[in-house]
K.L.:
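Before I ask anything, here is the structure I am working with.
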Amino acid sequence: MSAPVQPVLTDVYEGVDNLEAMQEAVNYNDFLAREVAREALPGRLIVDFGAGVGTFARPLHQRGLNIICVENDMRLGARLKSEGMRVEPEIGALPDASIDYLYSLNVLEHVEDDASCVAAWYAKLKPGAPLLLYVPAFMVLYSEMDRRIGHFRRYKRTPLVALLRQAGFRIERDTYVDSLGFFASLGLRFFDRSGGVLNPKTVRLYDRIGFPLSRLMDVFVGPFFGKNVLIRAVKPR
């Protein structure tokens with residue numbers, strides 16, 4: 001029997017403006033798109049859990065891959081459907097052991113019962129299927145933006161690995177990402193006066209200059225800290 005599935009977002013997600021601002025983060029999005037693409041192969045049933053505005057699902061759909069967007073914000077879901085993508089409001093609509101690959105980028109922090117959500121992923125994935133998970137890191141960085149868009153938490157790498165292992169996953173890779181972004185986010189927590197709304201110009205500036213440098217730093221400090229956690233896991237056969 002599948003674990004109970006919690007909603008990912010409220011019916012009206014308050015962070016759509018920030019999702020739109022993040023469209024300016026070309027290097028950041030390219031990095032995540034490359035991570036997603038490693039397991040996004042023809043013939044696989046792929047699930048984007050919390051697809052948002054379709055930043056990562058859209059290129060897969062345009063390549064003709066079999067992608068399902070799990071997105072329960074009605075406005076965002078309608079937008080994705082208008083582009084011809086299949087949308088489900090929750091993962092419980094899919095049969096157990098039916099998914100070949102699931103990725104979830106900056107979404108699990110929105111789920112109150114994250115353990116049940118991870119257990120549902122495990123139930124829906126086929127044996128041998130991979131999971132790509134990317135979430136914000138470190139509660140010390142929790143800011144007005146986190147509160148505004150409905151984050152319940154930020155994660156440390158070791159407890160998150162333990163959560164996935166408890167559900168049954170085997171961990172293949174786990175690391176922090178965007179080490180320079182850690183300090184940028186720390187400054188955002190203490191000095192931001194925008195009410196948690198991202199400025200597209202600031203996003204674009206950091207993405208062009210800061211993020212490439214941050215990725216170089218990650219080679220050395222990724223095991224210790226960063227703005228996000230990246231995990232690749234697999235459901236054992």
K.L.:
Taking K227 for the side chain and P136 for the main chain, is one N or O donor matched with an acceptor at less than 3.5 Å?
P.N.:
no

K.L.:
Please evaluate residues D114 and Y155 with respect to the criterion side chain to side chain donor-acceptor pair (under 3.5 Å), reporting the C-alpha separation (whole Å), side-chain torsions for both, the decisive distance (0.1 Å), and the verdict.
P.N.:
CA-CA 11 Å; D114 56 353; Y155 289 90; 2.9 Å; yes

K.L.:
Which pairs pass side-chain hydrogen bond (donor to acceptor under 3.5 Å, both in side chains) with one or both residues in residues 164-173, sequence neighbours excluded?
P.N.:
E35-R173

K.L.:
Is any side-chain N of the basic residue among E144 and R189 closer than 4.0 Å to the acidic one's carboxylate O?
P.N.:
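Judged by the 4.0 Å cut-off on N to carboxylate O distance, E144 and R189 do not form a salt bridge.
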
K.L.:
Mind checking the SG-CZ spacing from C69 to R86? Nearest 0.5 Å is all I need.
P.N.:
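The distance works out to 10.5 Å.
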
K.L.:
Any salt bridge between D218 and R215, counting N to O under 4.0 Å?
P.N.:
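Yes, D218 and R215 are salt-bridged.
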
K.L.:
Just checking, is any N or O donor in the side chain of Y206 or D178 under 3.5 Å from an acceptor N or O on the other one?
P.N.:
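D178 and Y206 do have a side-chain donor-acceptor pair below 3.5 Å.
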
K.L.:
Under 3.5 Å, is there a donor-acceptor pair between the N106 and N228 side chains?
P.N.:
yes

K.L.:
List for me each residue that meets side chain to side chain contact (heavy atoms under 4.5 Å, CB included) alongside Y122, sequence neighbours excluded, and say none if there are none.
P.N.:
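Counting only residues at least two positions away or on another chain, Y122 forms a side chain to side chain contact (heavy atoms under 4.5 Å, CB included) with F169, K235, P236.
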
K.L.:
Would you name the heavy atoms of L133 and W121 that are closest together and state the gap between them?
P.N.:
CD1-CH2, 3.7 Å

K.L.:
Write down the atom of D146, the atom of L141, and the distance for their closest heavy-atom approach.
P.N.:
OD2-O, 3.6 Å

K.L.:
What heavy-atom pair brings A167 and V118 nearest, and what distance separates the two atoms?
P.N.:
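Distance-wise, the nearest heavy atoms are CB-CG1, 3.5 Å.
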
K.L.:
Should the pair Y176 and F138 be assigned to parallel (<30°), tilted (30 to 60°) or perpendicular (>60°) ring geometry?
P.N.:
parallel

K.L.:
Can you list the steps and then say if F183 with F225 is a ring-ring contact (aromatic ring centres under 6.0 Å, His included)?
P.N.:
CA-CA 10 Å; F183 300 104; F225 72 92; 5.6 Å; yes

K.L.:
Any Lys/Arg nitrogen of E83 or R58 sitting under 4.0 Å from an Asp/Glu carboxylate oxygen of the other?
P.N.:
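Yes.
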
